[in-house]
Enquirer: 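Below: one structure in structure tokens.
Naming convention: chains lettered A, B, ... in sequence-line order (proteins, then strands); numbering from 1 in each chain.
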Amino acid sequence: MGTNEKEFVKEITPRNEDFSQWYLDIVLKSEMMDYAPVKGCMAIRPYGYAIWENIQQLLDRRIKATGHENAYFPLFIPESLLQKEAEHVEGFAPEVAWVTHGGGEKLTERLVVRPTSEAIICQMYSRWIQSWRDLPLLINQWCNVVRWEKNTRPFLRTSEFLWQEGHTVHCTEVEAEEEALKMLGVYKEFAETELAIPVISGLKSEREKFAGAMRTYTIEALMADGRALQAGTSHNLGQHFAKVFDIQFLDKDDELKYPWQTSWGVSTRLIGALIMVHGDDRGLKLPPRVAPLQIVVVPIFTKKGREEVLQKAKEITALLGENFRVKLDEREGYSPGWKFNEWEMKGVPLRLEIGPKDLQNDGVTAVRRETGEKSFIPEKVLAERIPELLEEIQGELLRQAQQFREEKTHLVSDYTEFKRILEEERGFLLTHWCGDPSCEENIKEETKSTIRCLPFEVSGKISKTGPCVRCGKEEGAPVYFARAY
RNA sequence: CGGGGUGUAGCGCAGUUUGGCAGCGCGCUUGCUUCGGGAGCAAGAGGCCGCGGGUUCGAAUCCCGCCACUCCGACCA
């Protein structure tokens with residue numbers, strides 16, 4: 001690899017030459033999406049949507065395992081409902097889409113297309129909750145939302161996107177806080193186990209928190225260009241929404257109380273993260289757990305042995321098809337080399353080549369996408385070896401991503417050094433911050449970096465308190481800074 | 001929303017300066033020969049030149065307006 005890289009992947013801009021273009025080339029050429037005729041909107045094509053379906057399945061399982069049920073709420077929200085929570089409406093007002101007409105007539109009250117569903121869900125919750133026995137109420141919704149974005153990028157920021165949003169209601173502040181943290185933990189475990197994306201979890205600063213929340217928690221991932229991406233959030237909404245939407249319950253002590261709420265979500269942005277964390281100059285590298293295809297079988301035809309090769313390839317595809325997402329690429333008119341490049345671009349984790357030599361040796365040649373490593377697997381041990389290999393690939397992708405993140409995480413206390421790193425190396429900057437919003441604001445203006453989070457754990461990498469990187473005031477808390485998407 | 005760039009066949013582009021038959025490469029279709037890292041030959045198909053208006057005998061080309069994509073800012077859970 002390396003020297004003739006360009007030769008193999010003519011269709012993709014090299015990652016180091018132009019990261020943005022590289023990303024766009026990949027999402028288009030791998031047929032994950034295509035631009036739709038509405039600004040900032042995309043069609044998610046089967047190859048991209050299959051990843052989303054796998055994400056949904058793997059995450060939905062976890063959401064249900066933690067006691068939540070799925071439900072569905074309306075796409076449209078009456079203007080008056082959205083406006084009930086002042087901070088919330090202020091946060092979303094610039095980016096909502098309005099419905100002003102229906103059936104050819106002007107509506108008496110405008111509707112917003114949901115940018116998030118707190119308002120409409122709280123409205124319904126106020127009717128469903130009367131007693132402490134109704135709590136906790138643990139509901140999740142898979143849906144689309146619309147935010148009229150000015151600067152869009154496929155999967156990372158689109159005018160319409162798909163996500164899940166959990167909305168829970170609890171008797172006490174302690175329970176709500178536990179819930180918000182529990183779901184953030186679910187996201188972290190999910191991202192690392194299934195997506196092979198290591199994340200840092202922590203608390204958002206006041207400036208960066210969700211409009212209307214009391215506290216926002218986040219998982220932050222580092223992309224291959226050294227920029228951070230918020231991969232999931234979880235909010236402790238406090239009682240703000242309960243108060244304005246009049247959600248009350250009669251507690252065991254016979255007192256009428258406002259409950260405590262949370263909301264949490266991850267979106268199709270995770271697909272963008274997969275691309276930017278794992279991809280290389282040849283294209284996608286998908287973790288086996290979420291890859292639409294885990295294995296592609298490429299038969300190597302020759303004049304004489306054609307039928308035998310195809311027969312064996314079909315046999316092996318059928319065998320593996322019982323337990324894995326596998327495809328036999330028996331297309332005519334494409335050379336094996338062409339197919340290799342095509343499936344590598346599409347990020348299929350494992351390729352099995354079956355040719356005359358393999359037939360002779362009673363096995364297949366296996367090639368790992370993430371390392372390019374070739375090995376021969378005797379047919380006898382195929383059924384045991386394949387799952388092991390896929391797990392190794394999954395693990396290796398996580399290991400590579402972790403290693404990259406470690407290399408790109410800079411412990412820094414000097415502001416000049418802080419600025420130099422952002423200019424020259426990027427990545428996460430772990431430092432101290434006094435907590436003053438004006439320091440945060442100044443740093444943003446001077447360096448274009450933002451506080452990604454106040455991490456839960458720093459495990460000895462940095463002292464528990466230290467002087468603020470900007471103003472030098474003592475007793476600053478550890479924070480991660482980065483330029484972000 | 002401000003500044004720059006781009007829009008011509010599925011993709012990448014030339015043609016626009018100086019108005020005059022719609023072009024090239026790749027891909028696609030069909031056939032034959034091939035096939036262990038993007039095969040070869042032959043014959044084909046494919047165009048509201050982003051959209052709308054204007055100037056002109058005549059517009060991909062000149063003028064006005066709009067839209068989309070893209071990069072950089074601003075904004076953004």
Enquirer: Just name whichever nucleotide pairs with B:A60, Watson-Crick or G-U, keeping both distances under 3.5 Å, else none.
Expert: none

Enquirer: Taking only N and O in the side chain of A:S335, is any of them less than 4.0 Å away from OP1 or OP2 of B:A39?
Expert: yes

Enquirer: I need the CD-P distance between A:E342 and B:C11, as an integer number of Å.
Expert: 16 Å

Enquirer: If you check every side-chain atom of A:T365, which of B:C1, B:U70, B:G36 has the closest atom?
Expert: B:G36

Enquirer: Under a 3.5 Å limit for both distances, which nucleotide forms a Watson-Crick or G-U wobble pair with B:C41, could you say?
Expert: B:G31

Enquirer: Sticking with atom P, work out how far B:C75 lies from B:C64, rounded to a whole angstrom.
Expert: 33 Å

Enquirer: Can you tell me the distance, in whole Å, between the CD atom of A:E332 and the P atom of B:C28?
Expert: 14 Å

Enquirer: Using the P atoms only, state how far B:C62 lies from B:G10, rounded to an integer number of Å.
Expert: 24 Å

Enquirer: With the side chain of A:E95 defined as its heavy atoms from C-beta on, choose the nearest nucleotide among B:A74, B:U70, B:C76.
Expert: B:C76

Enquirer: Could you tell me how far B:C66 sits from B:U30 if I compare only their P atoms? Round to whole Å.
Expert: 46 Å

Enquirer: Given the ring of A:F301, does A:R306 sit roughly above its face, with NZ or CZ under 6.0 Å from the centre of the six-membered ring and within 45° of the axis?
Expert: yes

Enquirer: NZ of A:K448 versus C1' of B:C72: gap in Å, rounded?
Expert: 10 Å

Enquirer: Measuring only the C1' atom in each nucleotide, how far is B:C49 from B:A14? A whole number of Å is fine.
Expert: 13 Å

Enquirer: At under 4.0 Å between heavy atoms, what does A:K357 touch on the DNA or RNA strands: base, sugar-phosphate, or nothing?
Expert: base

Enquirer: When you measure from the side chain of A:K29, which nucleotide among B:G36, B:C11, B:C71 comes out closest?
Expert: B:C11

Enquirer: Taking the basic N atoms (NZ, or NE/NH1/NH2) and the acidic carboxylate oxygens, is any pair closer than 4.0 Å for A:R331 and A:D329?
Expert: yes

Enquirer: In whole Å, what separates the C1' atom of B:G52 from that of B:C28?
Expert: 32 Å

Enquirer: Counting side-chain heavy atoms from CB outward, which of B:G37, B:G36, B:A68 is closest to A:V367?
Expert: B:G37

Enquirer: Assess, by modelled atom type and distance only, whether the side chains of A:H235 and A:T216 contain a donor and an acceptor separated by less than 3.5 Å.
Expert: yes

Enquirer: Measure from the side-chain heavy atoms of A:N151 and tell me the nearest of B:G37, B:A74, B:G36.
Expert: B:A74

Enquirer: Expressed in angstrom and rounded to an integer, what is the separation of A:L24 atom CG from B:A68 atom C1'?
Expert: 14 Å

Enquirer: NA contact type, A:Y35, heavy-atom cut-off 4.0 Å: base, sugar-phosphate, or nothing?
Expert: sugar-phosphate

Enquirer: Looking only at atom C1', what distance separates B:C63 and B:G2, rounded to whole Å?
Expert: 25 Å

Enquirer: Sticking with atom C1', work out how far B:U70 lies from B:C57, rounded to a whole angstrom.
Expert: 40 Å

Enquirer: For A:E344 and for A:K444, find the nucleotide of RNA chain B with the closest heavy atom, then tell me which residue's nucleotide is more 5'.
Expert: A:E344

Enquirer: Return no unless some side-chain N or O of A:R153 is found under 4.0 Å from OP1 or OP2 of B:C71.
Expert: yes

Enquirer: Heavy atoms only, 4.0 Å cut-off, all strands: where does A:S263 land among base, sugar-phosphate and nothing?
Expert: nothing

Enquirer: Could you tell me how far apart A:I354 (CD1) and B:G37 (P) are, to the nearest whole angstrom?
Expert: 16 Å

Enquirer: Give me the distance, rounded to whole Å, that separates B:G3 from B:U8 when you measure between the P atoms they each carry.
Expert: 24 Å

Enquirer: Nearest to the side chain of A:P154, which nucleotide is it out of B:C71, B:U34, B:U70?
Expert: B:U70

Enquirer: Under 6.0 Å from the ring centre and within 45 degrees of the ring axis: does the NZ or CZ of A:R452 meet both conditions for the six-membered ring of A:F428?
Expert: no

